[in-house]
Participant: 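Here you go, one structure.
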Amino acid sequence: MGHGGNVIDELVTDHREVEEIFGRIEALPSGHQDRKMYADRVTMELVRHSVAEEAYLYPAVREHVPGGDALADKEIDDHARAEQIMKDLEGCGAGDPDFDRLTGMLMSEIRSHVADEEGNLFPRLREACSPQALDQLGDKVRQAKKTAPTRPHPASPDKPPMNKMLAPGAGLVDRLRDAMTGRGKQG
Ligand SMILES: [Fe+2]
């Protein structure tokens, strides 16, 4: 399944891609340099995914799904926990003693987020919304993700477009979020 279709198909495809990168991290031995590259890549995917969900998915859940506020609040809490782990992970090299602990925490946090969304939130949203509304949300989510940077190495933002998009000093997650939401840009 590729990207496209309604919001649920789109976000499920993201989930599978994230799981694929987790699998690559798990397949490499502890301390292997590529594990850091994959951790950066999965952070970028997750920030992009989370920002798109927070911008479009959860507001729709609040509006259309009975009990949607509580559902959305829970998912946003999950995101905040994952984001903190990703911030901590940003400062760790592959050989850092905390790297394995933090990637393990991130995987378990995200896997439970995915299971919860796919098993609970998505079915309820599908029930509450028309197919057309789900398609429109899919387009919005794709659009939101397109504005995210795609380069996997924001730590060395020496080539465009990252050097234009990233404010100096902020952490990776903040920088990606700012780049996606347009915060700090002239508007
Ligand atoms: Fe998700």
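Indexing begins at 1, ligand by ligand and atom by atom, following the structure's order.
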Participant: Measure from the side-chain N and O atoms of R35 to the backbone N and O of I25, and report whether any donor-acceptor pair falls under 3.5 Å.
Facilitator: yes
Participant: Can you tell me the angle formed at the Fe ion (ligand 1) by NE2 of H49 and NE2 of H15, to 10°?
Facilitator: 90°
Participant: Does a donor on one side chain sit under 3.5 Å from an acceptor on the other, for E17 and H49?
Facilitator: no
Participant: Aromatic contact between H79 and Y58, with the criterion being ring centroids under 6.0 Å apart: yes or no?
Facilitator: yes
Participant: So that I can check it, does any N, O or S atom in E117 come closer than 2.8 Å to the Fe ion (ligand 1)?
Facilitator: yes
Participant: Tell me if a side-chain donor or acceptor on R142 pairs with a main-chain N or O of G5 at a distance below 3.5 Å.
Facilitator: yes
Participant: Can you tell me which N/O/S atom of E53 has the shortest distance to the Fe ion (ligand 1)?
Facilitator: OE2
